[in-house]
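We count ligands from 1, going down the list as the structure has it; atoms in each ligand are counted the same way. Sequential numbering from 1 along the given sequence is applied to the chain's residues.
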Amino acid sequence: MTEARSRQIVIAGAGIAGLTAALAFAERGFPVTLFEQARQLEAAGAGLQLSPNATRILRRLGVLDRLLPNAIRPQAVVLKDARSLRELARVPLGEAAEKRWGAPYLVAHRADLQAALMAAVVERPDIALVTGARVAGIAVDPQSVTATVEIDGKATNVAGGLLVAADGVWSSVRTQLARTTGFAASRFSGELAWRATIAAESAAGQAFAQIAATDSVTTFLHPGFHMVAYPVSKGSAFNLAAFTKGERIAEGWSGHADPAILSGAIRGTAAVLSRLVALAGPWTAFPIHTVEQRRWTMAEGIALIGDAAHAMTPFAAQGAAMGIEDAAMLANLVFPDDPKQGLTTWENLRRPRVERVLKRGALNRLAWHAWGPAAIARNLVLATRPPEKLAADLDWLYGWEEREVVRR
Ligand SMILES: Cc1cc2nc3c(=O)[nH]c(=O)nc-3n(C[C@H](O)[C@H](O)[C@H](O)COP(=O)(O)OP(=O)(O)OC[C@H]3O[C@@H](n4cnc5c(N)ncnc54)[C@H](O)[C@@H]3O)c2cc1C
């Protein structure tokens with residue numbers, strides 16, 4: 001393989017992780033080709049909370065300034081009991097977050113983040129973005145990795161030194177590798193995420209304003225159910241994401257599930273919250289799939305990042321942030337003359353971090369959906385934790401930097 005080819009980075013998927021990887025590799029001087037199956041990057045997905053561990057990387061890659069005009073800095077994360085609407089806990093954000101963790105805590109539409117990443121990508125001549133291009137097959141040999149890419153019904157082979165699979169929770173690269181190697185399959189978690197966006201001026205928006213501060217992230221807790229709400233679109237709308245148990249439905253961002261599941265799950269919540277949920281429809285449902293922790297790399301030159309590697313439940317609001325961290329750290333760790341070197345180091349450094357975040361998500365789910373004595377115990381524990389202490393509990397997560405990485 002020629003030297004130029006061996007430094008070529010091929011990325012499957014232009015989601016949050018893939019676009020970040022393209023920028024991070026280009027910044028290190030690697031030529032990048034990024035294949036995205038969609039013809040156009042659509043405004044898919046929900047709102048996102050972007051914590052300082054992610055925005056710090058976006059700032060370094062020149063993306064943050066492009067995102068800020070469409071993002072909001074919430075003033076706090078507030079937990080409320082969905083029945084009594086009593087405040088259970090508060091983590092100060094806004095300036096306090098920026099001061100504490102060195103980068104802003106933001107909320108934005110996933111589409112706005114994708115657009116900000118895209119705007120940075122298209123300015124780089126060293127990144128070739130090809131849309132309407134599906135990575136359909138992978139072949140590896142000791143020297144290189146070859147992706148078979150389908151464009152307009154025609155298959156083309158593209159060789160590179162490293163293939164980065166950033167093709168999401170239903171990754172076709174991972175599925176193909178799973179047949180012969182130790183890569184994991186995705187699995188339905190048994191949970192559904194319900195999403196709605198409401199205009200601030202609408203009846204639903206007014207109901208929301210009665211029960212929550214409109215400049216904060218509010219999570220309403222109830223046995224077997226929680227709902228996260230925060231402002232988007234410069235405060236003219238609110239993003240609502242509710243979580244319930246549910247049956248498996250078709251894969252994708254804009255699915256349909258029986259609304260009776262949601263109305264059943266909110267039984268017993270405060271009347272105004274129930275009214276908000278009724279007014280906010282129609283809700284779209286997203287089946288939450290996870291990917292078990294197995295391997296993420298092959299020494300021949302394949303690395304899985306983001307949801308393709310370790311899709312997680314959204315209970316720690318860290319899926320996209322982990323994809324951003326994966327991408328930035330991978331680009332920093334590979335060898336400049338041979339990008340398939342350094343993959344094991346990257347995987348060994350990333351695994352404990354991702355596992356800790358997964359544990360945090362599982363703990364949040366347990367605490368937020370608790371009922372009876374467990375919910376009482378939770379409320380008592382939260383009552384003893386002042387906002388400053390709750391913020392300090394998150395230092396390991398939001399204060400994370402790639403400081404342990406020595407650039408090669
Ligand atoms: C309700 C909900 C709320 C969430 N909230 C948060 C939050 O607050 N904060 C947070 O950090 N995370 C959150 N997440 C998680 C976050 O949305 C995901 O972790 C993140 O979008 C994953 O990014 P990705 O780039 O890995 O995958 P994706 O965004 O799925 O991107 C994959 C891309 O690959 C493309 N693709 C797929 N297959 C191929 C192929 N064969 N060839 C070429 N292209 C292909 C797809 O078209 C897509 O563009 C939330 C998730 C949900 C469901």
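- Residue F35 touches ligand 1 through its backbone alone, judged by heavy-atom distances below 4.0 Å.
- Taking a cut-off of under 4.0 Å to the non-hydrogen atoms of G306, the atoms of ligand 1 that pass are 26 (O).
- Atoms of ligand 1 found under 4.0 Å from any heavy atom of S172 (numbered from 1 in listed order, with element): 41 (N).
- For ligand 1, the atoms sitting less than 4.0 Å from at least one non-hydrogen atom of R134 are 41 (N), 42 (N), numbered in the order shown with element in parentheses.
- Short contacts between ligand 1 and I16, defined as distances under 4.0 Å to a heavy atom of the residue, involve ligand atoms 25 (O).
- Evaluated by nearest non-hydrogen atom to atom 45 (C) of ligand 1, the leading choice among R110, Q37, Q49 is Q37.
- In this structure, the ring of F225 has its center no less than 6.0 angstrom from the ring center of F220.
- The OG1 atom of T20 sits 10.0 Å away from the CD atom of Q114 when rounded to the nearest 0.5 Å.
- Annotation for ligand 1: atoms under 4.0 Å from non-hydrogen atoms of G319 are 10 (C), 11 (O), 12 (N), 15 (C), 19 (O).
- Because its NZ or CZ atom is both nearer than 6.0 Å to the ring centre of W396 and within 45° of the ring axis, R356 counts as a cation-pi partner of that residue.
- Of the possible donor and acceptor atoms, none in the side chain of R100 sits under 3.5 Å from a partner among the backbone N and O of Y398.
- At a cut-off of 3.5 Å, with distance as the only test, a side-chain donor of T33 or Q8 sits close to an acceptor on the other residue.
- Under a 3.5 Å cut-off, the side chain of S189 and the backbone N or O of I288 do form a donor-acceptor pair.
- Close to ligand 1: A133, with a non-hydrogen atom less than 4.0 angstrom away.
- The proximity of A193 to ligand 1, defined as any non-hydrogen pair under 4.0 Å, is limited to the side chain.
- Shown here is R83, whose CZ atom has no more than 12 heavy atoms of other residues, nucleotides or ligands within 6.0 Å.
- Contact annotation: A166 has at least one heavy atom less than 4.0 Å from an atom of ligand 1.
- Taking A133 as the reference, F35, V130, V149, I151 meet the side-chain contact (heavy atoms from CB on, under 4.5 Å) condition, with sequence neighbours excluded.
- Interatomic distance, K245 NZ to H369 NE2, rounded to the nearest 0.5 Å: 8.5 Å.
- Ligand 1 is never approached by A241 to a heavy-atom distance shorter than 4.0 Å.
- Taking every heavy atom of G15 and a limit of under 4.0 angstrom, the matching atoms of ligand 1 come to 25 (O), 31 (O), 33 (C), 49 (O).
- Using a non-hydrogen distance threshold of 4.0 Å, R195 does not register as a contact of ligand 1.
- For atom 16 (C) of ligand 1, the nearest non-hydrogen atom from the set A320, A321, G168 comes from A320.
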